[in-house]
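Contents: one structure, followed by commentary.
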Amino acid sequence: MEKQTFSQFLLDEQRLRGIHDDEFVLLLNDIATACKSISRAVCKGALNGVMGSLECENIQGETQKQLDVITNDIFIGVNQVAGYYAGMASEEMDAPYEIPVNLRKSGKYLLLFDPLDGSSNVNVNISVGTIFSILRCPEGVENPKIKDYLQAGITQVCSGYALYGSSTMLVITTGFGVNGFTLDNDVGEFYLTHLNMRVPEDTHEFAINMSNQKSWEAPVKNYIEDCLKGTDGPRGKQFNMRWVASMVAEVHRILIRGGIFMYPVDSKLKDKGGKLRLMYEANPMSFIVEQAGGLSSSGRQRIVNIKPSALHQRVPVIMGSKNEVEKMCSYY
Ligand code: FBP
């Protein structure tokens, strides 16, 4: 059976649903092209001498890596050409990016993204990724302002991520399940390799940065303590732990073999509301995980129901295997 390319799969999916939106297929193809280009930039890394940090900080107060800026420029450069977007917003830019007037066309959508997730890992050659979320631009808005982006995650029309690991993969949902594609570098094409990905409902593996333990809220402390008690404890089973410090890599592992990924709020992050960003990390990954049968919560509510109040807003994140996230949330 011939391998199906990314665009062949998208056209097939549309045919199956009686949808005829070539523009949307082309729009997603541009996302794929941008991820291929970022994959090259990341894997060439030290060869191009771009593994260092810059003398400046992004709006998050983080020292920007050279690759943060390079990948941000790639993602904007490739996706603005065809004019599908009225505007873009990125982890690496304080304000929304305005599409140059000469490139503005239909502009029905808004693109929000984290060009290089897990960037603290990029110069130590551990998997990193790109995360994106696509929203509809409000009717009649040509040059969107921040308020136009502040839409709840439940309104996303598409989200996904690219993982730059031992192979480069692209995983997306358009609201009809989750599918994964692997990049064949010889051909320069993404091929369907993971059809209808489903998160196993149960797990014995948690992912959390244990070094924050003393600052956690009681529900998180109690949940992890019960997991660590293993078979003799209230959970009655042995738990394993993983922490890659790249959200994309953690969520991808969980899509494949189950697990629970947690970045809760703690006493150090209380003023910020959490570590991970709602609009271009938590919302897109929540759409993916839920479409694959998992759950995603802040501990107190479904993340995609959170009404955003700021473009770079941070939230607590608990996502993964359905029964385990339910169990963890029962501690709140
Ligand atoms: P960015 O790299 O895009 O800033 O993302 C944040 C992130 O790196 C996540 O990918 C990861 O899950 C988390 O931070 C790691 O946090 P920590 O540094 O506490 O291990």
Side-chain angles (χ1 to χ4, degrees), residues 35 38 41-42 45 50-54 56-75 88-94 112-133 159-165 169 171 205-217 220 224 241-255 259-270 272-286 288-289 296 298 303 311-320:
C35 294
I38 291 176
V42 167
V50 293
M51 297 304 257
S53 294
L54 300 170
C56 54
E57 288 187 350
N58 62 17
I59 184 153
Q60 330 283 347
E62 294 155 349
T63 306
Q64 281 185 312
K65 300 261 183 325
Q66 285 173 279
L67 275 170
D68 284 329
V69 175
I70 291 167
T71 54
N72 192 62
D73 294 347
I74 290 173
F75 216 68
M88 300 181 187
S90 162
E91 177 182 309
E92 299 306 327
M93 300 185 303
D94 304 8
L112 301 96
F113 60 95
D114 176 357
L116 200 62
D117 176 64
S119 52
S120 62
N121 279 329
V122 77
N123 54 359
V124 289
N125 211 354
I126 292 174
S127 301
V128 292
T130 296
I131 309 174
F132 64 91
S133 170
S159 79
Y161 62 82
L163 175 64
Y164 313 115
M169 285 197 66
V171 174
E205 199 164 66
F206 64 80
I208 193 168
N209 184 338
M210 292 294 286
S211 68
N212 297 325
Q213 187 165 17
K214 65 182 180 317
S215 331
W216 289 336
E217 294 176 308
V220 178
I224 294 293
M241 194 209 103
R242 285 284 179 275
W243 189 248
V244 185
S246 282
M247 182 187 193
V248 171
E250 317 273 10
V251 171
H252 189 71
R253 182 189 63 243
I254 288 169
L255 278 177
I260 181 170
F261 168 74
M262 306 167 65
Y263 214 116
V265 68
D266 59 36
S267 54
K268 290 179 298 170
L269 294 169
K270 211 162 197 52
K272 291 184 176 171
K275 159 98 180 194
L276 301 173
R277 280 52 61 135
L278 175 63
M279 301 307 291
Y280 41 78
E281 290 176 324
N283 270 341
M285 294 309 235
S286 297
I288 289 270
V289 166
S296 178
S298 66
I303 284 179
L311 194 56
H312 301 287
Q313 174 180 351
R314 299 167 185 252
V315 292
V317 172
I318 300 162
M319 59 172 65

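Both ligands and their constituent atoms are indexed starting at 1 by order of listing.
Closest to atom 2 (O) of ligand 1, if we only count protein heavy atoms, is Gly118 N, 2.9 Å. For atom 17 (P) of ligand 1, the closest non-hydrogen atom on the protein side is Asn209 ND2, 3.7 Å. Among protein heavy atoms, atom 3 (O) of ligand 1 sits closest to Asp114 OD2, 2.8 Å. With respect to atom 14 (O) of ligand 1, the closest heavy atom belonging to the protein is Lys275 CE, 3.2 Å. Here the protein heavy atom with the shortest distance to atom 20 (O) of ligand 1 is Trp243 NE1, 2.9 Å.
The ligand atoms of ligand 1 that sit less than 4.0 angstrom from a heavy atom of Ser119 are 2 (O). Atoms of ligand 1 found under 4.0 Å from any heavy atom of Leu116, numbered from 1 in the order shown, are 3 (O). Those atoms of ligand 1 that come under 4.0 Å of a heavy atom in Met247, given as number and element, are 9 (C), 10 (O), 11 (C), 12 (O). Close approach to Tyr263 involves these atoms of ligand 1, each under 4.0 Å from a residue heavy atom: 16 (O), 17 (P), 19 (O). Atoms of ligand 1 found under 4.0 Å from any heavy atom of Glu281 (numbered from 1 in listed order, with element): 1 (P), 3 (O), 5 (O), 6 (C).
Contact check for Ile318 versus Tyr263: no side-chain heavy atoms found under the 4.5 Å cut-off. Two residues are said to be in side-chain contact when any heavy atoms from C-beta on lie closer than 4.5 Å; Tyr164 and Thr130 meet this criterion. Within the 4.5 Å cutoff, no side-chain heavy atoms of Trp216 are placed close to those of Val265. Annotation: side chain of Asp68 is not in contact with side chain of Gln66 (no heavy-atom distance under 4.5 Å). Residues Phe261 and Phe206 fail the side-chain proximity criterion, which asks for heavy atoms closer than 4.5 Å.
Residue contacts with ligand 1, taken as heavy atom pairs separated by less than 4.0 Å, do not involve Tyr280 at all. Residue contacts with ligand 1 for Ser246 involve N, CA, C or O but no side-chain atom from C-beta outward (heavy atoms, distance under 4.0 Å).
Judged by distance alone, the side chain of Ser159 and the main-chain N or O of Pro284 form a donor-acceptor pair under 3.5 Å. A side-chain donor-acceptor contact under 3.5 Å links Ser246 to the backbone of Ser127.
Side-chain contact annotation: Lys65 with Asn123, donor-acceptor N/O pair under 3.5 Å absent. Checking Ser90 against Asn72 by side-chain atom types alone, a donor-acceptor pair falls below 3.5 Å.
Of the listed options Glu250, Arg277, Met262, Arg277 places a heavy atom closest to atom 1 (P) of ligand 1.
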